[in-house]
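The structure appears below as structure tokens.
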Amino acid sequence: QVRLVESGGGSVQSGGSLRLSCTVRGFTSNSCGMGWHRQAAGKQREWVSSISSSGSTSYADSVKGRFTISEDKATDTWYLEMNSLKPEDTAMYSCKALLGPLCIGYWGQGTQVTVSS
């Protein structure tokens, strides 16, 4: 059974840093790409960042210059390095990976990030 296992969330003060990770379990083929999304309380889920199978990255304007997405192909793990965190970054962060020849999407369980002012 395919699972995405997330970790790295927590509570930090404004200006702090966190690194989220998302690891694929139960799947050994290449991915088509992966993205991070977040959902703050009372708001709709929003896209944060993506990385393609070729390594191309993209970011939402709200996090550009502060967040960095990366991939370790050897361990099937993706990372989201988050620096200069702001209270408005507080949300549940979830990863979504597109896996297999049909690029089927799988979601992680989510990890909470809380930034205090």
Side-chain angles (χ1 to χ4, degrees):
Q1 183 178 358
V2 179
R3 291 188 302 132
L4 300 187
V5 180
E6 299 182 36
S7 63
S11 297
V12 296
Q13 291 191 328
S14 182
S17 299
L18 286 172
R19 188 177 77 159
L20 307 182
S21 65
C22 175
T23 302
V24 179
R25 303 292 188 201
F27 189 84
T28 57
S29 183
N30 293 330
S31 76
C32 306
M34 178 273 183
W36 288 96
H37 303 257
R38 67 186 182 186
Q39 186 169 19
K43 295 186 177 181
Q44 290 193 334
R45 184 165 59 196
E46 64 174 350
W47 168 76
V48 175
S49 178
S50 295
I51 185 167
S52 72
S53 57
S54 63
S56 296
T57 60
S58 55
Y59 300 91
D61 288 343
S62 59
V63 306
K64 200 172 293 182
R66 299 187 298 121
F67 290 11
T68 303
I69 191 171
S70 62
E71 178 182 11
D72 182 346
K73 291 184 182 292
T75 60
D76 290 328
T77 300
W78 293 272
Y79 299 97
L80 186 67
E81 185 77 34
M82 305 185 296
N83 298 314
S84 302
L85 282 163
K86 305 174 182 180
E88 50 263 44
D89 294 318
T90 295
M92 179 70 75
Y93 284 71
S94 300
C95 60
K96 180 181 180 181
L98 304 178
L99 304 176
L102 299 180
C103 300
I104 297 174
Y106 294 87
W107 286 93
Q109 81 282 5
T111 185
Q112 179 67 36
V113 171
T114 302
V115 184
S116 57
S117 57

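Bear in mind the structure is a predicted one, so any value in this text is a computation, not a measurement.
In terms of heavy atoms, G100 sits closest to C32 at O-SG, 3.3 Å. Contact detail for G110 and S94: the closest heavy-atom pair is CA-OG, 3.6 Å. The two atoms that bring V113 and L20 nearest to each other are CG2-CD2, 4.0 Å, heavy atoms only. Scanning all heavy atoms of the two residues, the minimum distance from N83 to S17 falls at OD1-OG, 2.8 Å.
Note on V48: it clusters hydrophobically with V12, by side-chain heavy-atom contacts below 4.5 Å among ILVMFWY residues. Hydrophobic clustering, with ILVMFWY side chains joined whenever heavy atoms are under 4.5 angstrom apart, groups Y106 together with W36. Taking hydrophobic clusters as Ile, Leu, Val, Met, Phe, Trp and Tyr residues chained together by side-chain heavy-atom distances below 4.5 Å, V24 shares a cluster with L102.
The salt bridge (charged side-chain N to carboxylate O under 4.0 Å, His left out) contacts involving residues 3-30 comprise nothing, where partners must be two or more places apart or lie in separate chains.
Salt-bridge formation is not detected for the pair D89/K86: no Lys NZ or Arg NE/NH1/NH2 atom is positioned less than 4.0 Å from an Asp or Glu carboxylate oxygen.
For the pair I104/V2, no side-chain contact is recorded, criterion being any heavy-atom separation below 4.5 Å from C-beta on. Between I69 and Y59, some side-chain heavy-atom pair lies under the 4.5 Å cut-off. In this structure, L98 and S31 have side chains that are not in contact, with every pair of non-hydrogen atoms separated by 4.5 Å or more. Residues Y93 and C22 fail the side-chain proximity criterion, which asks for heavy atoms closer than 4.5 Å. At a threshold of 4.5 Å between non-hydrogen side-chain atoms, the residues F67 and L18 do not count as touching. Taking 4.5 Å as the limit, some side-chain heavy atom of Y79 sits within range of a side-chain heavy atom of D72. The side-chain heavy atoms of T68 and L80, taken from C-beta on, include no pair separated by under 4.5 Å. Side chains of T90 and Q112 form a contact here, defined as non-hydrogen atoms less than 4.5 Å apart.
Of the candidates R45, E46, K43, E46 is the only one forming a side-chain contact (heavy atoms from CB on, under 4.5 Å) with R38.
Atom NZ of K64 and atom OG1 of T57 lie 10.0 Å apart (nearest 0.5 Å). Rounded to the nearest 0.5 Å, atoms CD (Q1) and CZ (F27) are 13.5 Å apart.
For the 3.5 Å distance criterion, the side chains of S21 and S7 qualify, holding a donor opposite an acceptor.
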Next item on the list: Please step through side-chain contact (heavy atoms from CB on, under 4.5 Å) for the pair M34 and C95, ending with a clear verdict.
Entry: CA-CA 7 Å; M34 178 273 183; C95 60; 3.2 Å; yes

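When atom types are taken as modelled, the side chain of W47 and the backbone of S49 share a donor-acceptor pair closer than 3.5 angstrom.
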